[in-house]
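Accompanying notes for the structure given below.
Convention: sequence-line order gives letters A, B, ...; per-chain numbering from 1.
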Protein chains: 2
Amino acid sequence: MHNNFSTPPASSTSIRPARGRPREFDRQAALAAATRLFWIKGYEATSIADLTETMGIGTKSLYAAFGSKDELYAEALKYYYTTYEGLVWTRFRKAATAREAALAFLQDSAIAMTGGDLDLPHGCMATLATVGSEGHSELGELMRATRAGGFDILKARFDRAKSDGDLEATADTTKLARFVQTVQSGMAIRARDGADRDELHAVAEIALSGWDHITGNIDHRMQGKA
Amino acid sequence: MHNNFSTPPASSTSIRPARGRPREFDRQAALAAATRLFWIKGYEATSIADLTETMGIGTKSLYAAFGSKDELYAEALKYYYTTYEGLVWTRFRKAATAREAALAFLQDSAIAMTGGDLDLPHGCMATLATVGSEGHSELGELMRATRAGGFDILKARFDRAKSDGDLEATADTTKLARFVQTVQSGMAIRARDGADRDELHAVAEIALSGWDHITGNIDHRMQGKA
DNA sequence: TCCTTTATGCAGTGATCGATGCATAAATCG
DNA sequence: CGATTTATGCATCGATCACTGCATAAAGGA
């Protein structure tokens, strides 16, 4: 609400509504703060005034360091992805089977989307930015590409599973990947609406509980089911 | 894009950039047009200028008829729901079993979210309005309530299925309803991202293909890793 | 120490936001 | 026909949007 000048550190030699050059700001920290704000409020609803306040820098410094609001958002989205990508894909990559990979992806998404171990904003920044990108076609395309990346990774893993033999050759990996991606997108909406971690974990579990039936493995591996 | 004044009916006596009272506008038609615009662009990104152009009325008339942008959006959301609710819930209500109901809901959602029989905007107006409602807490609550309504309907149907006997008494209807709701929310995201009807139909099919497995095992944790 | 560089706070740019006052003229009624 | 009502287009309001010019003063090199 207020800036930091309302309660100055008192021990400071100069009270610092001063004009000159106070201190070089931490670009990464400022970017992290901007990312968090964009993540919470979305692109359109976040104003430059909001950003400068949160980032703790002046308007001029923001433009000198990041160019424009669009460029800052693009960089924030990249920062978001590179910083938090591991939360969702690490266990996925280590998983032995396609099913375990998909389950790990959805489970870890459930955790990440409800704040993770840290105090992260809820929901997925890229997914929730779907609306409000009208008139910013360049950014819209960037967001779309970011979301599409998830599908590609899922499909590639499922395709590999066919070679590995833990997915039937008849399985439709495109549809499978689309399904998992769709569930994760829905989880982002639910998380933003206040869903807690348990709820999202339950969704992940239910989504894949019929895996063998979905993929066709049921004919060969689930014969004697209770 | 253009209003109807660009090509006047030619038989008109005056060419009508006139000052006075031209004709009483159709309130319902104007509301329908506003709804469509909000649906496509979202609340924040839709300006009063956009609305007056699309609705074919002047600024003063808009405020006289609808009060404010907030009130217009609220009325548009209500119009949206009452007008298109049947597209998604009609077959659901007629379905004999919980599974058929859920499948009908997701299948008809797939159709509605890709334009239906008419040329509707893709995706769900209420779902996609998740972000951008910051600072408009009243509208945000309205949207949230609209989304929550879907869950209530699903859960009530599943609860009834327990009495009917087509769902196990041990089935967790809350988790089940959350899962279906989550899949539908994800479909809205996918639809806005360009997913076609076939893709969403496939998602609906996959989501419920493991139904018997899901509903039978939901309480006593899943046992089945291969 | 002096000079250049550089990041800053502040004021202000034109544009657009949601919303409103006003004169006008079609519709309505006596 | 004449008086009243009413919906309109237009101009404009203050606020806020993304963004920039300017004077200032700390940091860094000589």
Fill in: Member of Asp152(B), Ile153(B), Asp159(B) meeting the side-chain contact (heavy atoms from CB on, under 4.5 Å) criterion with Lys155(B)
Asp159(B)
Discussion item. Please check if the number of heavy atoms outside Glu205(B) that lie under 6.0 Å from its CD is greater than 12.
Written reply: no
Worksheet item: Rounding to a whole Å, what distance do you find between Phe66(A):CZ and dT20(D):C1'?
Response: 18 Å
Fill in: Aromatic ring proximity Trp211(A)/Phe179(A), centre distance under 6.0 Å
no
Discussion item. I need the CZ-P distance between Arg27(B) and dT6(D), as an integer number of Å.
Written reply: 16 Å
Worksheet item: Pick the nucleotide of DNA chain D nearest each of Lys60(A) and Ala64(B); which residue has the one closer to the 5' end?
Response: Ala64(B)
Discussion item. Measure CD1/Ile57(B) against C1'/dA7(D) and give the value in whole Å, please.
Written reply: 10 Å
Worksheet item: Atom CG of Asp26(A) to atom P of dA7(C): distance rounded to whole Å?
Response: 14 Å
Discussion item. Could you tell me how far apart Glu53(B) (CD) and dG9(D) (P) are, to the nearest whole angstrom?
Written reply: 13 Å
Item to complete: Figure out the CG/C1' separation between Leu62(B) and dA19(C), and round it to whole Å.
Response: 10 Å
Worksheet item: Salt bridge between Lys69(A) and Glu44(A), side-chain N to carboxylate O under 4.0 Å?
Response: no
Worksheet item: Do Thr90(B) and Glu85(B) have side-chain heavy atoms sitting under 4.5 Å apart?
Response: no
Worksheet item: In B/S/- notation, 5' to 3', how is nucleotides 13-18 of chain C contacted by protein heavy atoms closer than 4.0 Å?
Response: ----SS
Practice prompt. Check the distance between dC17(D)'s P and Leu51(A)'s CG and give it to me in whole angstrom.
Written response: 11 Å
Item to complete: Please list, chain by chain and in numerical order, all residues satisfying side chain to side chain contact (heavy atoms under 4.5 Å, CB included) with Ala110(A), sequence neighbours excluded.
Response: Met187(A), Leu200(A), His201(A)
